[in-house]
2 protein chains.
Amino acid sequence: MRMPKKERQRLLGKLLKQNPFLTDEELSEHFTVSVQTIRLDRLEHGIPELRERLKTVATRTMKEEVKSLHSDEVFGDIIDMELDERALSIFDVTEDHVFQRNGIARGHHLFAQANSLAVAVMNDDLALTAKSAIDFLKPVKAGDRVVARAEVKKESLGEKRTLVVVVSTVNDETVFTGEFHMYRTTDRKQGEMK
Amino acid sequence: MRMPKKERQRLLGKLLKQNPFLTDEELSEHFTVSVQTIRLDRLEHGIPELRERLKTVATRTMKEEVKSLHSDEVFGDIIDMELDERALSIFDVTEDHVFQRNGIARGHHLFAQANSLAVAVMNDDLALTAKSAIDFLKPVKAGDRVVARAEVKKESLGEKRTLVVVVSTVNDETVFTGEFHMYRTTDRKQGEMK
DNA sequence: CTGTTATTAGTACCAAGTGCTAATCCGGAA
DNA sequence: TTCCGGATTAGCACTTGGTACTAATAACAG
């Protein structure tokens with residue numbers, strides 16, 4: 001016996017997790033056992049066949065593609081918005097957004113939500129963030145629903161600058177605040193928005 | 001004839017791009033033609049069979065998964081690091097990171113790179129960002145390589161606070177600066193890191 | 001030496017195809 | 001009308017990567 005059965009099956013599972021593209025035949029060569037043995041191993045461990053494995057991997061892709069398109073363009077879902085006045089978005093924190101070690105959301109996700117909202121609330125096709133000061137007041141955990149409220153301040157900061165203040169809360173507790181100095185470009189001369 | 005050949009083939013391509021999981025048989029029902037006709041259509045347009053389509057989609061996933069694991073845990077690749085002293089990371093800006101309308105990188109990506117680096121450079125398992133002030137000095141475009149340099153400042157901000165200053169450049173021009181007030185948790189009493 | 005477990009072999013069958021040949025259908029030109 | 005050609009359909013053999021099942025053999029433990 002080239003290797004104890006248990007060991008082989010453990011490695012088999014690990015191998016297929018890394019690389020789901022291997023056929024039973026390739027696996028049988030890798031472990032120098034017969035194809036039938038591999039089949040029995042898969043059977044015992046409920047590991048599906050190649051084609052099923054590919055199907056689930058491919059499905060995952062298709063889903064994430066849709067998700068990432070949305071969550072990239074505006075990070076967090078905008079619920080309500082009055083241009084140049086105020087806006088509100090929610091962002092559900094999942095396992096993907098937190099540090100594995102302590103389950104606390106990475107700061108840049110909260111920033112991304114607030115920043116996206118600040119960009120969106122500006123009544124300007126090409127608003128950019130110029131400067132920002134932010135505070136992380138309380139740690140946010142997976143499962144939390146973060147509500148961000150952006151308010152456009154009217155006091156002037158100069159010709160093309162606008163101040164947007166964002167306050168993010170979880171269950172009415174403030175977890176994050178940010179001031180965003182937005183730069184309006186408004187050069188609509190060179191073409192309407194697309 | 002239920003539909004001109006050309007039209008059907010155009011739709012076929014479009015359909016399969018959206019949903020690569022359809023078999024020839026399902027397609028033949030959808031267009032109310034025979035399976036053979038679908039096969040001929042695929043042949044003429046060089047559209048591979050179901051199993052090949054899934055394989056390529058799945059491949060794409062696996063690649064991106066590797067990428068996103070890295071780029072999420074630490075946004076940008078860390079090139080050099082001296083714990084508690086300084087660190088350096090690079091981040092290549094792609095089409096995915098910019099506003100479609102003007103090709104300028106969204107602020108939160110630059111923030112994410114700097115923030116991740118600030119977290120990483122702290123010699124602490126559980127460092128968190130408490131507060132930050134940042135400046136976006138010059139727009140960053142797709143194709144730019146952003147180099148972020150983080151430096152841990154030694155002056156005390158209080159018991160558990162540390163200041164990290166990050167400067168990001170593109171071709172030696174500063175595009176972003178940020179001050180990060182990091183919170184050290186260091187409660188290693190409750191167990192070693194995993 | 002015998003029983004049990006592990007492994008291998010072999011067969012029939014399936015899904016979703018490819019590749020090829022042959023038969024039909026259908027519309028327009030001679 | 002009749003004939004031609006492209007489009008469509010049918011049919012068959014073969015391929016991959018399996019499942020499901022049975023049977024034989026090997027390996028080892030008591």
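Quick caveat: nothing in here was measured; it's all calculated off a predicted structure.
The separation between A:L27 atom CG and C:dT8 atom C1' is 17 Å, rounded to whole Å. Regarding A:K5, its NZ atom lies at a distance of 12 Å from the P atom of C:dT8, rounded to whole Å. Rounded to whole Å, the distance from CD on B:E52 to C1' on D:dT15 is 13 Å. Rounded to a whole Å, the CD atom of A:E44 is 11 Å from the C1' atom of C:dT5. Between the CD1 atom of A:I38 and the C1' atom of C:dA9 there is a distance of 16 Å, rounded to whole Å. Between the CG atom of B:L40 and the C1' atom of C:dG19 there is a distance of 11 Å, rounded to whole Å. Here the P atom of nucleotide C:dA16 and the CD atom of B:E29 are 12 Å apart, to the nearest Å. When rounded to the nearest whole Å, the span between CG of A:D41 and P of C:dA6 equals 10 Å.
Residues satisfying the side chain to side chain donor-acceptor pair (under 3.5 Å) test with A:H30, not counting sequence neighbours, are none. Under the salt bridge (charged side-chain N to carboxylate O under 4.0 Å, His left out) criterion, A:E151 pairs with A:K153, sequence neighbours left out. In this view, A:R39 and A:D24 satisfy the salt bridge (charged side-chain N to carboxylate O under 4.0 Å, His left out) rule, not counting sequence neighbours. In terms of the side-chain contact (heavy atoms from CB on, under 4.5 Å) criterion, residue partners of B:E29 (sequence neighbours excluded) are, by chain and number, B:E25. In this structure B:R86 satisfies the side chain to side chain donor-acceptor pair (under 3.5 Å) test with no other residue, sequence neighbours excluded. Checked against side chain to side chain donor-acceptor pair (under 3.5 Å), B:E82 has no partners two or more places apart in sequence or in another chain. The side chain to side chain donor-acceptor pair (under 3.5 Å) test applied to B:Q36 returns no partner, not counting sequence neighbours.
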Can you check nucleotides 11-13 of chain C for protein contacts, nitrogen or oxygen pairs under 3.5 Å, and list what you find?
none

Restricting to nitrogen or oxygen on both sides, can you table the protein-nucleotides 17-20 of chain D pairs closer than 3.5 Å?
unit_1 : atom_1 : unit_2 : atom_2 : d
D:dG17 : O4'    : A:R51  : NH1    : 2.9
D:dG17 : N2     : A:R51  : NH2    : 3.0
D:dG17 : N3     : A:R51  : NH1    : 3.3
D:dG17 : N3     : A:R51  : NH2    : 2.9
D:dG18 : OP1    : A:L50  : N      : 2.8
D:dG18 : OP2    : A:D24  : N      : 2.9
D:dG18 : O5'    : A:D24  : OD2    : 3.4
D:dT19 : OP1    : A:R42  : NH1    : 3.1
D:dT19 : OP1    : A:R42  : NH2    : 3.3
D:dT19 : OP2    : A:R42  : NH2    : 2.8

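No option in A:V146, A:N115, A:V166 other than A:V146 meets the side chain to side chain contact (heavy atoms under 4.5 Å, CB included) test with A:L110.
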Step by step, work out the salt bridge (Lys or Arg N to Asp or Glu O under 4.0 Å) result for B:R42 and B:E52.
-> CA-CA 12 Å; B:R42 283 201 294 99; B:E52 289 305 312; over 6 Å; no
Under 3.5 Å, side-chain donor or acceptor atoms of residues 131-141 of chain A against the rest of the protein: list the pairs with distances, not counting sequence neighbours.
unit_1 : atom_1 : unit_2 : atom_2 : d
A:K131 : NZ     : B:D135 : OD1    : 3.4
A:S132 : OG     : A:E179 : O      : 3.2
A:D135 : OD1    : B:K131 : NZ     : 3.4

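Between D:dT9 and B:S34, a contact under 4.0 Å exists linking OP1 or OP2 to a side-chain N or O.
Listed by first and then second residue, the ring-ring contact (aromatic ring centres under 6.0 Å, His included) pairs that reach into residues 6-28 of chain A come to none, sequence neighbours excluded.
Within residues 10-18 of chain B, no residue has any heavy atom under 4.0 Å from DNA chain C.
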